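Everything below concerns the one structure shown next.
Owing to the predicted nature of the structure, the values given are computational and were not obtained by experimental measurement.
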Amino acid sequence: MSLDADVLIDWFTDTARDLPWRRSECTAWGVLVSEIMLQQTPVARVEPVWRSWLERWPLPSSMAAASQGEVLRAWGKLGYPRRALRLHEAAKAIADKHDDVVPEDVDTLLALPGIGAYTARAVAAFAYGQSVPVVDTNVRRVVARAVHGAGDAGPPSTTKDLRDVEALLPDEKADVYSAALMELGALVCTARTPKCADCPVIEDCAWQRAGRPAYAGPAKAVQKFAGTDRQVRGLLLDVLRGTVEPVAKARLDVVWHDAGQRDRCLDSLLVDGLVEQTAGGLFALPGEH
DNA sequence: CACGCGTGGTT
DNA sequence: TAACCAAGCGT
């Protein structure tokens with residue numbers, strides 16, 4: 001049994017959100033930028049940044065010409081700023097080695113920094129209309145429920161997940177079908193309170209037939225934030241995003257009480273290339289001094 | 001393969 | 001209100 005492709009595609013056509021990276025005039029570069037920004041960051045926070053980003057850097061080569069610091073500042077508070085650095089590297093590679101054209105081949109996309117199993121296929125499908133399985137957390141949850149009758153997806157396994165979704169793809173409009181699966185997971189078949197009453201494929205749903213059993217797999221580790229290096233790194237970076245001129249270490253020291261953790265985080269930011277130290281010993285976003 | 005990596009809105 | 005959640009990737 002599989003999910004009725006015609007029904008799902010019709011539902012998507014009628015009710016999908018009108019997101020700018022889904023419009024026909026959006027370039028492959030626009031799609032790629034959106035996919036990177038949407039890695040772990042909600043649509044609502046991505047949209048305004050994506051718009052200004054594409055206006056400022058409409059081509060990979062235009063972004064490639066910017067400094068790392070400019071890119072990090074433009075990334076703002078989307079989170080996980082290493083994504084911005086990798087996107088910058090990807091833009092340079094596309095400009096230099098691919099004639100400023102986002103590659104359409106999955107393996108070529110996979111070779112670019114910051115592009116993994118999901119993003120490579122999302123670009124292949126949504127920018128170039130290819131029939132490839134696009135598996136994100138939404139799709140994994142929809143498949144776990146509708147196909148396997150489980151309450152939620154178990155631990156990810158790229159090989160198995162791709163195989164599962166490959167088997168569902170219709171002969172026609174596989175790209176729209178993939179977008180529809182993602183939209184279903186994002187809007188209807190949600191993690192916490194699924195809106196089964198609104199589901200277009202409830203007739204096909206194995207979870208529904210099984211009486212909607214609770215998730216039975218291994219417990220998922222809840223990610224802490226308060227007090228972690230991630231929080232401290234974020235605080236340090238926020239200082240540097242807010243100033244154009246390099247700052248003395250004392251300006252960074254005030255953001256966190258624990259000097260050991262502070263210094264360790266500053267070191268890791270330097271190692272990651274998110275922060276640079278000037279000849280005078282001051283600190284700044286990289287590439288601007 | 002499990003873990004670390006930002007940030008802010010929702011329940 | 002603390003916990004959960006959000007279109008992953010690289011190591």
How far does the [atom1] atom of [N] sit from the matching atom of [M], given to the nearest Å?
{"N": "dA7(C)", "M": "dC5(B)", "atom1": "P", "answer": "22 Å"}
{"N": "dG6(B)", "M": "dT11(C)", "atom1": "P", "answer": "14 Å"}
{"N": "dC1(B)", "M": "dA6(C)", "atom1": "C1'", "answer": "22 Å"}

Integer-rounded Å distance: [N] [atom2] and [X] [atom1]:
{"X": "Ile36(A)", "N": "dA7(C)", "atom1": "CD1", "atom2": "C1'", "value": "11 Å"}
{"X": "Gln40(A)", "N": "dA6(C)", "atom1": "CD", "atom2": "P", "value": "9 Å"}
{"X": "Leu32(A)", "N": "dA7(C)", "atom1": "CG", "atom2": "P", "value": "18 Å"}
{"X": "Asp272(A)", "N": "dC9(C)", "atom1": "CG", "atom2": "P", "value": "18 Å"}

Please indicate whether [X] has more than 12 foreign heavy atoms, meaning atoms of other residues, nucleotides or ligands, lying under 6.0 Å from its [atom1].
{"X": "Lys220(A)", "atom1": "NZ", "answer": "yes"}
{"X": "Arg73(A)", "atom1": "CZ", "answer": "yes"}
{"X": "Arg23(A)", "atom1": "CZ", "answer": "no"}

Establish, from distance only, whether the side-chain atoms of [X] and [Y] form a donor-acceptor pair under 3.5 Å.
{"X": "Tyr118(A)", "Y": "Gln39(A)", "result": "no"}
{"X": "Gln261(A)", "Y": "Asp229(A)", "result": "yes"}
{"X": "Ser34(A)", "Y": "Arg22(A)", "result": "no"}

Does anything in [range] reach DNA chain C, meaning a heavy atom under 4.0 Å, and if so which residues?
{"range": "residues 218-246 of chain A", "answer": "Val222(A)"}
{"range": "residues 129-137 of chain A", "answer": "Asp136(A), Thr137(A)"}
{"range": "residues 81-97 of chain A", "answer": "Arg86(A)"}
{"range": "residues 101-120 of chain A", "answer": "Pro113(A), Gly114(A), Ile115(A), Gly116(A), Ala117(A), Tyr118(A), Thr119(A)"}

Nucleotide interval of DNA chain B bounded by contacts with chain A (heavy-atom cut-off, under 4.0 Å) =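 Both ends considered, the range comes out as dG4(B) to dT11(B).
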
Have a look at [X] and say if it touches a base, only the backbone sugar-phosphate, or nothing, with a 4.0 Å heavy-atom cut-off.
{"X": "Ala191(A)", "value": "sugar-phosphate"}
{"X": "Arg140(A)", "value": "nothing"}
{"X": "Leu269(A)", "value": "nothing"}
{"X": "Trp75(A)", "value": "nothing"}

side-chain contact (heavy atoms from CB on, under 4.5 Å) with Trp50(A): which of Met37(A), Arg45(A), Glu55(A)?
->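 Going through Met37(A), Arg45(A), Glu55(A) one by one, the side-chain contact (heavy atoms from CB on, under 4.5 Å) with Trp50(A) is satisfied by Met37(A) alone.
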
Please lay out, stage by stage, how Ser62(A) and Arg56(A) fare under the test side chain to side chain donor-acceptor pair (under 3.5 Å).
-> CA-CA 8 Å; Ser62(A) 36; Arg56(A) 182 172 181 183; over 6 Å; no

Please walk me through it: do Trp57(A) and Val71(A) pass side chain to side chain contact (heavy atoms under 4.5 Å, CB included)?
-> CA-CA 10 Å; Trp57(A) 296 311; Val71(A) 166; 4.1 Å; yes

N/O (side chain, Arg22(A)) to phosphate O (OP1/OP2, dA7(C)) under 4.0 Å |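 No, Arg22(A) has no side-chain N/O under 4.0 Å of OP1/OP2 on dA7(C).
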
OP1 or OP2 of dA7(C) under 4.0 Å from side-chain N/O of Gln39(A) |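 Indeed not, no polar side-chain atom of Gln39(A) lies that close.
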
With sequence neighbours excluded, tell me which residues meet ring pair (Phe, Tyr, Trp, His ring centres under 6.0 Å) with Trp256(A).
->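 Counting only residues at least two positions away or on another chain, Trp256(A) forms no ring pair (Phe, Tyr, Trp, His ring centres under 6.0 Å).
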
Is any side-chain heavy atom of [Y] closer than 4.5 Å to one of [X]?
{"X": "Cys196(A)", "Y": "Arg212(A)", "value": "yes"}
{"X": "Leu109(A)", "Y": "Glu104(A)", "value": "no"}
{"X": "Leu87(A)", "Y": "Trp53(A)", "value": "yes"}

Would you call [X] and [Y] a salt bridge, taking side-chain N to carboxylate O under 4.0 Å as the test?
{"X": "Asp253(A)", "Y": "Lys249(A)", "result": "yes"}
{"X": "Asp238(A)", "Y": "Arg241(A)", "result": "yes"}
{"X": "Lys92(A)", "Y": "Glu89(A)", "result": "yes"}
{"X": "Asp152(A)", "Y": "Arg141(A)", "result": "no"}

Would you mind telling me which residue lines up with the more 5' stretch of DNA chain B, Pro42(A) or Thr193(A), judged by nearest nucleotide?
->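 It is Pro42(A) whose nearest nucleotide is closer to the 5' end.
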
Identify the nucleotide, in any strand shown, that forms a Watson-Crick or G-U wobble pair with dC9(C), with both distances under 3.5 Å; if there is none, say none.
->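 Looking at the geometry, dC9(C) pairs with dG4(B).
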
